Engineer: 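Attaching a single structure in structure tokens format; questions to follow.
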Amino acid sequence: MTAAVALALTLTACGGDGGKKSDDKPSTPAAASGGQSRPQTNAPTAQSTEVLATVRGGDGIEIVVNSAKRDTGGFVTVEGVVANNSSQGFTAPGWQGSEQELRDNGASMAGASLVDKTGKKRYLILRDTDGRCLCTRFPTGLTAGQKIPFYAQFPAPPAPVTEVDFQLPTMPTATIKISG
């Protein structure tokens, strides 16, 4: 039954949608979310216009972080938008990270991490039971001028920690505030 639902969602995501790209979000682990799964959407759930950080990398790539929310399940969800402001396609080289445990992520944000400088800890991206990141994947990369909502989920730092560094390979570090 679960495989049939996953196949149906995958086939639906492949349908024509006026040029929008699916971010291919897997569900959060049931244990971490109290048995509820994250809705499958093409946009961040926060729909926030607040800007926690803007990171500009080489080749015209820009990441705007709109929210970093602590969830009751013990994780932090970071959401925002990735923009390709260049005249060429972008396949997110290096963003998938080098962890051997992460599989089949291709162009993704699997290499993202949160760093608690005070506690001196790095929090790596969460993964589902198949070893795929709980993050946005870019199956075909980003075309020139394209903007795609993103999300990335991490284990939550201790409650007193409200500020962390968001790091993504090949991009500058951004300090963001965790809410909730």
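Keep in mind that what you see is a predicted model, and the values were worked out from it rather than measured. Only heavy atoms go into these numbers, but all of them, side chains included; no hydrogens, no water, no symmetry mates.
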Engineer: Would you give the length of the straight line joining atom OH of Y151 to atom CG of L134, rounded to the nearest 0.5 angstrom?
Structural biologist: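 Going from OH on Y151 over to CG on L134, the span is 5.5 Å.
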
Engineer: Rounded at 0.5 Å granularity, tell me how far OG in S86 sits from CD in Q146.
Structural biologist: 11.0 Å

Engineer: Between E62 and T54, is any pair of side-chain heavy atoms under 4.5 Å apart?
Structural biologist: yes

Engineer: For the residue pair S113 and F154, what are the closest heavy atoms and their distance?
Structural biologist: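 Result for this residue pair: CA-CE2, 3.5 Å.
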
Engineer: To the nearest 0.5 Å, what is the distance between CD1 on I125 and CZ on R127?
Structural biologist: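 Spacing of CD1 (I125) from CZ (R127) equals 9.0 Å.
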
Engineer: For P155 versus L124, what's the shortest heavy-atom pair and its separation?
Structural biologist: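 Where P155 meets L124 most closely, the heavy atoms are CD-O, 3.1 Å.
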
Engineer: Does a donor on one side chain sit under 3.5 Å from an acceptor on the other, for T175 and D165?
Structural biologist: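 Their side chains do contain a donor-acceptor pair, which is all the 3.5 Å distance test asks for.
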
Engineer: Does one side chain, of N84 or T143, offer a donor that lies under 3.5 Å from an acceptor on the other?
Structural biologist: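 There is no such pair between these side chains.
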
Engineer: When you compare the side chain of V115 with that of Y123, does any pair of heavy atoms fall below 4.5 Å?
Structural biologist: no

Engineer: Mind listing the closest non-hydrogen atom pair of F150 and T136 along with its distance?
Structural biologist: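 Looking at all heavy atoms of both residues, the shortest contact is CA-OG1, 3.1 Å.
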
Engineer: For the residue pair L142 and V82, establish whether any side-chain heavy-atom pair is separated by less than 4.5 Å.
Structural biologist: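 Yes - at least one pair of side-chain heavy atoms lies under 4.5 Å apart.
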
Engineer: Taking all atoms of both residues into account, what is the closest heavy-atom pair of A110 and C133, and its distance?
Structural biologist: CB-CB, 3.7 Å

Engineer: Please report the interatomic distance CG(D116) to NZ(K121), rounded to the nearest 0.5 Å.
Structural biologist: 8.0 Å

Engineer: Under 4.5 Å between any side-chain heavy atoms of I63 and L168, yes or no?
Structural biologist: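 Touching, per the 4.5 Å side-chain cut-off.
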
Engineer: Mind checking whether V78 and L114 have side chains closer than 4.5 Å, heavy atoms only?
Structural biologist: yes

Engineer: Would you say the side chain of I61 lies within less than 4.5 Å of the side chain of M171, judging by non-hydrogen atoms?
Structural biologist: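 A side-chain contact under 4.5 Å exists here.
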
Engineer: Measuring from atom CD of E50 to atom NZ of K177, what distance do you get when rounded to the nearest 0.5 angstrom?
Structural biologist: 10.5 Å

Engineer: If you look at every heavy atom in G80 and N66, which pair is closest and at what distance?
Structural biologist: CA-OD1, 3.3 Å

Engineer: Should V164 and I176 be marked as a side chain to side chain contact (heavy atoms under 4.5 Å, CB included) after you check the CA-CA gap, both sets of side-chain angles, and the distance that decides it?
Structural biologist: CA-CA 6 Å; V164 292; I176 58 176; 3.9 Å; yes

Engineer: Which heavy atom of F166 sits nearest to which heavy atom of A112, and what is that distance?
Structural biologist: CE1-CB, 4.1 Å

Engineer: Got a second to check how far F75's CZ is from R70's CZ, nearest 0.5 Å?
Structural biologist: 12.0 Å

